[in-house]
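Have a look at the structure below before the remarks.
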Amino acid sequence: MDLIKLKHVKLFKWHVKLFKWHVNALVSICVFLFILALIFRSLFLPTSSADGRFKNNEIELLKPGNVRMKFLEVPQIVWGLNNQKIAFARACLTSRMLNRTLLMPSLSASLFYKEINRLQPISFDKVFNFERFNSLCDGFVRVSRYSDVRNESNLIEVQKGSGRRWTLERDLDQLKEFSKQDYDAYETIRVVGKNPFLWHDHWPVSDYAKVFECLVLVDEISKEADEVVSKIREFGSETTSVSSYQKPYVAIHMRIEKDWMIHCKKREQRLNMSSICSSKEEITTRVANIQGLKPQTTLYLAVANELLEDDSVLNGWKQGMHPVDKKRLGLTEIYKNHSYLIQAAIDYEVCLRADVFVGNSFSTFSSLLVLERSQKMLKMGVSHACGTDVRWPSYAYNLKGEDGGPRPWMTNFMDSSLEAISYGSNNVSC
């Protein structure tokens, strides 16, 4: 009997040990899964820094065909070409933060106060190459067509905050709320209210630059830009023995139109500064003093001729500089066949391809051009563009540099927001 009891005691102790082993194994598995979840969160979910701006963590985007693909819908994007590009990029980065895909937004074909008869929206893919965008931005942001939405009724409409009391912090809290489980149940979040350009900015310049780099014009518009560039180089070759293919040109974004002069003078008064507006005389003088420009230089003047006070824009340039505009190139009809947005897109591409660019640091058009040109330089290994012997240099003619020329200009990709580009600045990193 004692022997039997002893066996039962040993058997009981063995079962206790076995139970403890199972418990320890279960605890170990739970700890392992918890650590794995933390690693997954740090790698794939967006995090924010102390100042409320999002760090550049990669997000695994849901691709078409996945069961749980979610979308973000934003209001129609309006205003000028580059205001629209900024608004689009901000919408993309918002969708990235929410781990959603942006539904292809409508752009605006015209400036509402200039072309009342062309207020109709224009689809994003009529201006930019849809497939190319998703290919270049794969793994960062994505745009989808409305046909990708599986259940149109599985939607929640939310109002974007606005007003002076709607601070950066409150806006960030609202965006975080949109990423919670209550909203995650919906296939589509539709944001109503303000144009995305007016939304608060939570992202660094480097994130915006990634989106801008993916915006490639559709072939039809790109070919129009090819023709303009070809005409500029042909014009330049007539003054030298250099072939038109090799003939360099300088692009100058001349903001001297009537509407700009009214706007910039009001802004100078409001900001109590005098370095926003530039007269034609100031621009011609500073361009003439750019170091390194070769004799017989072709100048392409990107300007809205119909908004000029007079027709003297081609006069008064330094001897050896040969200015040309759309009218002189015989391209007026090509531009007239397009809406404002397409005209601006063509001019933007022409200025982007120029060997030298000169613009106004308080113009969004000029500022985005310099950003893209700075990106090209960085990829070529140029980290500092303040010298004269660099490829694709850019200058701000509204700021006086050395020897009376315009100040060299390069985008600061370390900026924590796009404010300097969206609204202008006299800080041009040089």
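In this text, all values refer to a predicted model and were calculated from it rather than measured experimentally. Just so you know, residue 1 is the first one in the sequence shown, and it goes up from there. Below, each value reflects all heavy atoms present in this structure, side chains not excepted, and no hydrogens, waters or symmetry copies.
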[X]: partners by side-chain hydrogen bond (donor to acceptor under 3.5 Å, both in side chains), with sequence neighbours left out:
X      : value
Tyr208 : Arg90, Asp201
Arg267 : none
Glu224 : His338
Ser278 : Glu282

Partners passing side-chain contact (heavy atoms from CB on, under 4.5 Å) against [X] (at least two apart in sequence or in another chain):
X      : answer
Cys214 : Phe133, Leu136, Cys137
Gln269 : none
Val218 : Glu220, Ile221
Asn412 : Met414, Asp415, Ser429

Exercise. Going by an N to O cut-off under 4.0 Å, is there a salt bridge joining Asp148 and Arg142?
Worked result: no
Problem set entry | Residue pairs involving residues 324-333 (criterion salt bridge (Lys or Arg N to Asp or Glu O under 4.0 Å); sequence neighbours excluded) | Lys326-Asp347
For this session: Sorted by first residue and then second, give each ring-ring contact (aromatic ring centres under 6.0 Å, His included) pair with at least one member in residues 275-320; sequence neighbours left out.
Result: none
For this session: Quick one: which residue pairs count as a ring-ring contact (aromatic ring centres under 6.0 Å, His included) with a foot in residues 410-430, not counting sequence neighbours?
Result: Phe197-Tyr423
Exercise. Does the gap between the ring centers of Phe365 and Tyr348 come in under 6.0 Å?
Worked result: yes
Problem set entry | Test applied, salt bridge (Lys or Arg N to Asp or Glu O under 4.0 Å); reference residue, Asp355; option that passes from Arg233, Lys247, Arg391 | Arg233
For this session: List for me each residue that meets ring pair (Phe, Tyr, Trp, His ring centres under 6.0 Å) alongside Trp392, sequence neighbours excluded, and say none if there are none.
Result: none
